[in-house]
Amino acid sequence: MDDSERTATEPGTSLRRLSLRLKPVLLQVYRLAVLVIICWLIRDHHVRLRVTGDRPIEVPEAQFFWTNAASIKHDHSALGGMMVYDPQGGRIGYLLRTMPDASHIIGYSGTTDTLVALDDKWKVRGINIRSSEDTVKHAEDVMLDWSFKRKFNGKGWSEVAGTDLMAERFEGVAGATMTSTAVARGIVHRFRVTQGKAVKQSVVWETEDVGLIGAICLGLFLTFSKHRGRAKARKWFQWYVIGYVGFLTGDLLAQSLLSGWARAGVAWTLAPGLVLLAAAALLVPWATKRPLYCQQICPHGAVQEIILKNTPPQWRIALPAGLDAGLRWGPGLLLGFMMLLVMIPLEFDLADFEPFDAYILGIAGTATIAVAIVGLIASVLVPKAYCKYGCPTGSLLEFVRSHGSRDRFGRRDVGGGMVVLIVGASHFYHERVQAWLYDF
């Protein structure tokens, strides 16, 4: 046996080879663990806030329905609501809230606590949202839709409890369908609880879910196929994701959605197609190195690519290497900041930090539209500028993405560990943080 053969069979060489093979696998396990730990911390934190930091119904809330409401009193019966009295002590109505009984019913990105008012004849007088973990704009749209708010009006207790939303072909609020459907489900569920029943949480498949599954399948084909017509097919597919996924359904992955699911649970019953899209967007790059969502399915990324293809080359500018490297920290830092906002007791709409709600016509706020416009203008000068320097959701998907055998523990992994520490500190010391913010 010569020296080369002897070296190849030495135990140390085998161990080194095994180590080289295991390192990328262990690194991917670490990244997945970081994501799971962050989601668990956010979820546990907000469950604790709902249980220990929940606020009771107050008289001004009763005055929203009865201007002469003077006092309220807990009802100790199985109904579990609040009696409403006028200045003379006469009972004028009854208030019922859907939380915490409906804490398992998830809308677009979270739960909603709805207040239901019944008159002195035990007929529904109206509803009002007390608080919502859903996006601010979606909750506002539900409350501004008076036809939706009157859907249960005039119904008695048994009528509400007996409502079959599927059989009645319940239609939600345009632009906030999942949020309004969850509100309706929560109301029906709360009334049924007092009768020993509960709303069945069956998966609801809509046409848009089928379209999203089609987008996933086509995206996978374009990601892994080497077919000669792939480039031409991708051009048409980009217009499909812009028109269908973007403007028609508005089902884009965003931190407002993903953090909402982390807080309250995944909306797999109301949005199975969107859940499958999120799962594919995370698991495909984690397991195969291919950036499925960012490269193929994201409408905002597709718009930037179309801009790139139709912009004269002389318009583009090359950023200095130092500035480029510094700006590339932006998405990760913004993602960490947004995770901190999810944990602290301040009201922020995460949708304002990203451009994705701008594709839902009539829904997006001014900040969201501004981010979208600025990002697209920047992409005229720097190819896919928003994706490179501004997208926290893209940063999350890139964090879990594998880079194969050459993958090494780097700054994104350090950053992921730091986010775990920040979120963990916010979780375990939230009372001190809340007191500090109050004093500030």
Reported CG-to-CZ distance for the pair L350 and F337, which is rounded to 0.5 angstrom: 9.5 Å
Look only at the side chain of D145 and the backbone of V142, and say whether a donor-acceptor pair between them is shorter than 3.5 Å. no
Measure the shortest side-chain to side-chain distance between L274 and L257 over non-hydrogen atoms and say whether it is less than 4.5 angstrom. yes
Would you say the side-chain atoms of R150 pair up with the backbone N or O of I127, donor to acceptor, closer than 3.5 Å? no
If you apply the rule side-chain contact (heavy atoms from CB on, under 4.5 Å), what do you find for D251 with M178, and how did you get there? CA-CA 11 Å; D251 288 334; M178 285 185 276; 4.2 Å; yes
Quick one: does Y293's side chain get under 4.5 Å of L282's, heavy atoms only? no
Flag, side chain of D349 to backbone of D352, donor-acceptor distance under 3.5 Å: no
First locate atom CE of M338, then atom OG1 of T393, and finally report the distance between them rounded to the nearest 0.5 Å. 6.5 Å
Which heavy atom in P299 sits nearest to a heavy atom in V241, and how many Å separate them? CG-O, 3.4 Å
Locate the shortest heavy-atom distance separating L212 from G273; write the atom from each residue and the value. CD1-C, 3.8 Å
Whether over 12 other heavy atoms sit under 6.0 Å from H403 NE2: yes
For K232, look at atom NZ and say whether over 12 heavy atoms of other residues, nucleotides or ligands are found less than 6.0 Å away. no
Would you say that F353 contacts Q255 through its side chain, given a criterion of any heavy-atom pair below 4.5 Å between the two side chains? no
Between L283 and L292, is the side-chain contact (heavy atoms from CB on, under 4.5 Å) condition met? List the steps. CA-CA 9 Å; L283 295 178; L292 171 67; over 6 Å; no
Stacked cation flag R411 on W329, 6.0 angstrom / 45 deg: yes
For R190 and R185, what are the C-alpha separation, side-chain angles and deciding distance, and is it a side-chain contact (heavy atoms from CB on, under 4.5 Å)? CA-CA 8 Å; R190 180 63 179 86; R185 279 190 175 189; over 6 Å; no
Measure across A358 and A372 and return the closest heavy-atom pair with its distance rounded to 0.1 Å. CB-CB, 3.9 Å
Please check if any side-chain donor atom of Q295 sits under 3.5 Å from a side-chain acceptor atom of T223, or the reverse. no
Where do P331 and G390 come nearest, in terms of heavy atoms and distance? CG-N, 3.6 Å
May I have the step-by-step check of side-chain contact (heavy atoms from CB on, under 4.5 Å) for L27 and D413, ending in yes or no? CA-CA 9 Å; L27 191 53; D413 303 300; 4.0 Å; yes
Does T111 reach the side chain of S132, with side-chain heavy atoms less than 4.5 Å apart? no
Sidechain-backbone polar pair: D44 side chain, L41 backbone, donor-acceptor under 3.5 Å: no
Roughly how far, to the nearest 0.5 Å, is the CZ atom of F64 from the CG atom of N128? 4.0 Å
Does the T288 side chain pair with the main chain of V284, one donor and one acceptor, at a distance under 3.5 Å? yes
State whether the side chain of T98 and the backbone N or O of T114 hold a donor-acceptor pair below 3.5 Å, judged by distance alone. yes
Mind telling me whether H300 and Y359 have parallel, tilted or perpendicular rings, with 30° and 60° as the class edges? perpendicular
Just verifying a value: how many Å separate I38 CD1 and S259 OG, rounded to the nearest 0.5 Å? 12.0 Å
Would you say that V34 contacts F399 through its side chain, given a criterion of any heavy-atom pair below 4.5 Å between the two side chains? yes
Step-by-step side chain to side chain donor-acceptor pair (under 3.5 Å) determination, S256 to E354: CA-CA 9 Å; S256 57; E354 296 183 292; 5.3 Å; no
Is D324 paired with R328 through a side-chain N to carboxylate O contact shorter than 4.0 Å? yes
Once side chain to side chain contact (heavy atoms under 4.5 Å, CB included) is applied, do any residues pair with E140, and if so which ones, sequence neighbours excluded? V136, K137
Gap between atom CD1 of I297 and atom CZ of F237 - 0.5 Å precision: 5.0 Å
Inspect the contact between D407 and R412 and indicate whether a charged nitrogen and a carboxylate oxygen are less than 4.0 angstrom apart. yes
d(F148 CZ, M143 CE) to nearest 0.5 Å is 6.5 Å
Heavy-atom donor-acceptor pair, T163 side chain to V160 backbone, under 3.5 Å: yes
If you draw a 6.0 Å radius around CH2 in W205, do more than 12 non-hydrogen atoms from other residues or ligands fall strictly inside? yes
Is any side-chain heavy atom of R97 less than 4.5 Å from a side-chain heavy atom of I57? yes
Could you tell me if the side chain of R130 sits less than 4.5 Å from the side chain of T112, heavy atoms only? no
Tightest non-hydrogen contact, residues P355 and Y386, listed as CD-OH, 3.0 Å
In plain terms, say whether R234 and E305 are close enough for a salt bridge, that is, a side-chain N and a carboxylate O under 4.0 Å apart. yes
Are the side chain of T249 and the backbone of Y244 linked by a donor-acceptor contact shorter than 3.5 Å? yes
Considering non-hydrogen atoms only, spot the tightest contact between G394 and C294 and give its length. CA-SG, 4.0 Å
Any side-chain heavy-atom pair from R316 and V382 closer than 4.5 angstrom? no
N/O donor-acceptor pair under 3.5 Å between W286 side chain and Q28 backbone: yes
